[in-house]
Protein chains: 2
Amino acid sequence: MVKKNVTIHDIAKELNITASTVSRALNDHPLISDSTKERVRKVVKKLNYQPNTVAANLRKGKANTVGLVIPRINRIFFANIISGIESVLNEAGYNIIITQSEENLDKEISNIQTLINNRVRGIIISHSKASKNGKHFQKIIDNGIALVQFDRVLENINCSNVTNDNRNGSYEATKHLINQDYKKIAFFGGPQHINIYKNRYLGFIDAMKEKNIPIDKSLVFNNAVTRESGFNTLAELHKNNNLPDAIYAVSDYSALGALLYCQNTNIKIPDEIGIVGFLNEPFCEFITPSLTSLNQFGVSMGESAAKLCLEQIISKEINFSKKVIISPQLIIRDSSNRKKESI
Amino acid sequence: MVKKNVTIHDIAKELNITASTVSRALNDHPLISDSTKERVRKVVKKLNYQPNTVAANLRKGKANTVGLVIPRINRIFFANIISGIESVLNEAGYNIIITQSEENLDKEISNIQTLINNRVRGIIISHSKASKNGKHFQKIIDNGIALVQFDRVLENINCSNVTNDNRNGSYEATKHLINQDYKKIAFFGGPQHINIYKNRYLGFIDAMKEKNIPIDKSLVFNNAVTRESGFNTLAELHKNNNLPDAIYAVSDYSALGALLYCQNTNIKIPDEIGIVGFLNEPFCEFITPSLTSLNQFGVSMGESAAKLCLEQIISKEINFSKKVIISPQLIIRDSSNRKKESI
DNA sequence: CTGAAAGCGCTAACAA
DNA sequence: TTGTTAGCGCTTTCAG
């Protein structure tokens, strides 16, 4: 038997009052008498009434819902972000609809459309690698929905965002290598149309310039963010007799690939080659040698993104655009510490 | 300026037809002429109409939405689960509302209530450590909402679930240690009221019994799932001159704690102590010595849970209750492989 | 193939 | 302090 949902009307009938009174009582309206509220509460229990948020949302013309569009949920960085977002939004009484783009532009677009159709108040998004511009983001803004980008940010869209200070982080990482007397530093980077990778490259350049070290283009790679590519890139350099004495990799995975290549070929880390990664994945601490890396504060980033989103929702401003920049932290470990600095 | 949403009525007016025709056209109803559909499509574009799913859901009395209740999103196992769930449900046209209980019973209860109020069609849940019984789950079933538990499962609730074969996994892990000629095996377990921990204990017992090794109660611990507790538990055993020659830890974190303790005190792994963990966290592969562990297939578990949920939603059965059991895979690494078996 | 009419469950202005 | 009334935007039965 499919049972019919109990409604406010059913409660009203039971008490010989009207639906509006019941509604008000349920929402703890100040003008409703305590006795009425109490009677309503009793009948709610008795009939096992469950409020219908969908109906309330429709009537109010808005829902306390925020949508998330994430490339991949099962990356620890994104999982941390989601966790931070959830804490803040749940606390504020908001629901979260989660979607993943799987680095696919079409899926990203359709996820955004779904969220718009569900009349979310805000969308928090980190775009897929396939998104080269923010045309599909404009629709969010045009529909009066708060928009916050994080981590990966498309610059041509006027909205709030939360990012790592990738450039400065890279600068610090590179400077650290230079201070360790590494001279021939390879850069294992990512696609330059993605702003985080671009900024990581710029920070690398900043440090090299500051220390008057010319950039050797044969040591700069913009497609080396995976374990395989890290391994292969270093192998290629080795084969060409062009081994660097240090690698700054903008992803721990390519750093890992390079590290494994060194282990395979008996290149000593950090003596012959120093390695620094980015992300501070959990394995950095435990691998041998432990891997120097830049820690991003995922949970904090998520919290900030959620707060910006709430702020915009509450302010109702259309051109709301605040930027939060979070500094990554260089965690110096064995893989780059050949001067044995105390850490 | 806050712009008013364009509705089906606006489209109808524009075309001098009725809202019902527009609605049908939008839903590709077979009885609507192609020309009408085409005209509607044009006006949709022109007016930039965004369908309102909330209203449609209310009218249809149901939404294609499923809720998730997860202890912590930022654990890679749960992140994998969520990812698997998302893929399947998104494919089927469902939205996902995500919540985390943070191991807190009150939050779990309120999350469930929120989901019920949002009229989700199904709830997929892994309960918090604070949930000792499923009283609060019954409400889900009573409201005709599909319920699927995964991983951590409360047994007194009649619903579908997806679990690891924790008992058999533990059995295999323990047998592996015994086959490696370890004789004095410590068990670092978790709270026995949580069924996964209980089953992991039972599997341990199974193997020990099969091999006629008596259980030494002084080596059995039921509160050792964290890095700290793994470290301290082993330290305590050491202090008491009661060092085991192997540890089977039901969590990689306590295995890690034990491993670090061995490193600190120069106990040789795997020669003096063999260690096996559970979860196959990414660091297992990279730590030295690499850590033998049981891999759980999180993404598959998520996919299975989502499929069971969909199946129940479609079947509309009240007493739907299927069980999917996924076998964890023992990945033998250096930490327990003292006979140097080829892996 | 299209229209008329009713209503999903709730809330809120206005009235009393 | 409560009731009346209207309607959020959509779908669907029944009628034509």
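Below, read A as the first sequence line, B as the second, and so on, with proteins coming before strands; counting in each chain starts at 1. None of these values were measured; they are calculated from a predicted model. Just so you know, these numbers use all the heavy atoms, side chains as well, and skip hydrogens, waters and symmetry mates.
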(request) Would you check, one step at a time, whether the test salt bridge (Lys or Arg N to Asp or Glu O under 4.0 Å) holds for R152(B) with E103(B)? (result) CA-CA 12 Å; R152(B) 303 180 189 172; E103(B) 306 289 6; 2.9 Å; yes
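Remark: S20(A), S23(A), R24(A) in residues 16-25 of chain A come within less than 4.0 Å of DNA chain C through at least one heavy atom.
Checking G61(B) against S35(B), the closest nucleotide of DNA chain C that is more toward the 5' end is the one next to S35(B). Where L58(B) and R39(B) each meet DNA chain C at their nearest nucleotide, the meeting point lying more 5' is that of R39(B).
For residues 68-86 of chain A, the set of pairs meeting the side-chain hydrogen bond (donor to acceptor under 3.5 Å, both in side chains) definition, not counting sequence neighbours, comprises N74(A)-N80(B), N80(A)-N74(B), S83(A)-Q100(B), E86(A)-N90(A), E86(A)-Q100(B), E86(A)-K107(B).
At a cut-off of 3.5 Å, with distance as the only test, no side-chain donor of K129(B) or S131(B) sits close to an acceptor on the other residue. Defined by atom type and a distance below 3.5 Å, a donor-acceptor pair is missing between the side-chain atoms of Q149(B) and H127(B).
One atom, CG of L26(A), and another, C1' of dA12(C), lie 15 Å apart when rounded to the nearest Å.
Of the candidates dG9(D), dC10(C), dT1(D), dT1(D) carries the atom nearest the L31(A) side chain, counting heavy atoms from C-beta on. Considering only side-chain atoms of K60(A), the nucleotide from dA12(C), dC10(D), dC10(C) that sits closest is dA12(C).
Close to dT1(D), at under 4.0 Å from its OP1 or OP2, lies no side-chain N or O of T36(A).
The end-to-end axis angle of the helix from dC1(C)-dG16(D) to dA16(C)-dT1(D), rounded to 10 degrees and based on five pairs per end, is 30°.
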